[in-house]
2 protein chains.
Amino acid sequence: MRFTTRGKYGLLLMVDLARNLGQGPIPLKSIAERQKLSERYLEQLVLDLRKAGLEKSVRGSQGGYTLAKSPEEINVGDVIRVLEGPIAPVECENQMDKDCCSNTDFCINREVWVKIRDSINDVVDSISLADLLSGRDNEQEKIKIL
Amino acid sequence: MRFTTRGKYGLLLMVDLARNLGQGPIPLKSIAERQKLSERYLEQLVLDLRKAGLEKSVRGSQGGYTLAKSPEEINVGDVIRVLEGPIAPVECENQMDKDCCSNTDFCINREVWVKIRDSINDVVDSISLADLLSGRDNEQEKIKIL
DNA sequence: ACAAATTCCGATGGGTTTAGTAGGATATAA
DNA sequence: TTATATCCTACTAAACCCATCGGAATTTGT
C-alpha cells in the first residue's frame, strides 16, 4: 500500500514552488538540486501538473515554473490525484460507487475499500500547500507522536 | 495507491471462513471454487495467515482451515497487515514515527503521510470480520452513496 | 498397507509497473 | 547566436505482482 515516487516527489516539487513564491519562474534544475531528485524525472511530473492546471510554465532562458494558484487554493489531494491517478485501494474503481454486485463476497468487502478510499481523500483534501509550509498541524502531530 | 490481490483475496478468504464457521475445517479447494480464485495462489496467503495466528490448519484428508479466533476478534487490519505488510503510504516507514529529519521538505510532508497512514489504520482496525458478515454498516453506506 | 485428499514449502516464470535515462524539438533572454 | 529552459516521446533495467509448478509430509478411509 504505497504511493509511488510520483506522488512523493511531486509534493516536494509543489512545496518547493510554494516556498519560492514571488521569485519569478523557478527552473526545474534548481528544484532538482535542492530536493536531490533527477531533473529529467521531475520533467515528466511537471508536465502532468501543468496540464492539470496546477502550474504555469515559462519557456526559454530564465524560464521555469510557478504555481497556477495560491498555496491556499492547492490541496495535497489535487497534486496526488494528478500524479497517481484516482485513489482506489483495490480495482473495480469504476464500480466502487455503484450497487453493482451486491451478492458476492467482494461486495461485502466493498465497504472496507470504500471507507479506506474516502478516508484517504478526506485527509489529502483537508491539507493545502500553505498548511504544509506554515506547519499548522505540526504541533498537534508531535503531541500525538510523543 | 493500491493494495495487491493478497489483501483483496485474503479478506475474501477470511470472510469465507467466517461464514462457514462451525462446519469443521474448510479445504482451500472449496474456498477457491466459491470465490473463483486460484487455489495454488491462496495457499501462499493462508500460509502467512496461519503463521500470524489468524488461522488454524488441519492437514491430511478431510483437513482444511478454520479461524483461530472468533470473527468478532479478527479485524480487517489484522488480515491486511499480515498479507500486505505494515501500512505506510511512502517509504521511510521505520522513521515515520520519529522526529528524525525535521529540516528537510520531506519531513514537512511527513505530516501528510502520517495522517494517511493513521486514517487507513483507523478504518481497518474498526471493522471486524463479524461486522462484514452482519452488514452492520451497509445501510449507512448506501445512504451515503445515493 | 494403500490410495486419496489435503496442507506445507520452495522455486520459477511471464507480465506489468516503476523509476528513471536519452534524444531531440521548441522557445526565449541576453 | 548562444545558452538556458521547457516540451514531448521513446526506451530500458530492475523490481514487483500474480500466479504456476513440483514434490514432500500428513491424515482419513478402505
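Below, chain A is the first sequence line, B the second, and so on; all start at residue 1. These values consider heavy atoms only, across backbone and side chains, with no hydrogens, waters or symmetry-generated copies.
- Note: CZ (B/R6) to C1' (D/dC17) measures 10 Å, nearest angstrom.
- Rounded to a whole Å, the CZ atom of B/R2 is 11 Å from the P atom of D/dC18.
- Mapped onto DNA chain C by nearest heavy atom, B/G64 and A/F3 fall at different nucleotides, with B/G64 at the one closer to the 5' end.
- A straight line from CD1 of A/I26 to C1' of D/dT6 spans 15 Å, rounded to a whole angstrom.
- Rounded to an integer number of Å, the gap from CG of B/L13 to C1' of C/dT7 is 14 Å.
- Across the protein-nucleic acid pair, B/E39 atom CD and D/dG22 atom P stand 15 Å apart, rounded to whole Å.
- Between the side chain of B/R59 and the base of D/dA25, a donor-acceptor pair under 3.5 Å is found.
- Using a 3.5 Å distance cut-off with no hydrogens or angles, the side chains of B/S70 and B/E73 do pair a donor with an acceptor.
- For the segment residues 41-58 of chain B, the set of residues with a heavy atom within less than 4.0 Å of an atom of DNA chain D comprises B/Y41, B/Q44, in numerical order.
- Taking atom NZ on A/K29 and atom P on D/dT4, their separation rounds to 7 Å, with Å as the unit.
- Neither OP1 nor OP2 of D/dC17 sits under 4.0 Å from any side-chain N or O of B/Y9.
- Of all heavy-atom pairs between B/D16 and B/I31, the closest is OD1-CG1, 3.7 Å.
- Between the side chains of A/S38 and A/Y9, no donor N or O sits under 3.5 Å from an acceptor N or O.
- Considering only side-chain N and O atoms, B/T5 lies nowhere under 4.0 angstrom from the phosphate OP1 or OP2 of D/dC17.
- A donor-acceptor contact under 3.5 angstrom links the side-chain atoms of B/R40 to the base of D/dG22.
- Using a 4.0 Å cut-off, some side-chain N or O of B/T4 falls inside it from OP1 or OP2 of D/dC18.
- Side-chain N or O atoms of A/D118 include none that pairs as donor or acceptor with a backbone N or O of A/K115 at under 3.5 Å.
- Between B/D125 and B/R81 there is a salt bridge, since a side-chain N of the basic residue sits under 4.0 Å from a carboxylate O of the acidic one.
- Residue B/E55 is tested with B/T66, B/I26, B/L49 for a side chain to side chain contact (heavy atoms under 4.5 Å, CB included); the sole match is B/L49.
- Side-chain N/O atoms of A/D131 and A/S128 include a donor and acceptor closer than 3.5 Å.
- Regarding A/L83, its CG atom lies at a distance of 13 Å from the P atom of C/dT18, rounded to whole Å.
- Atom-to-atom, CD of B/E91 to P of D/dA15 comes out at 13 Å; the value is rounded to the nearest Å.
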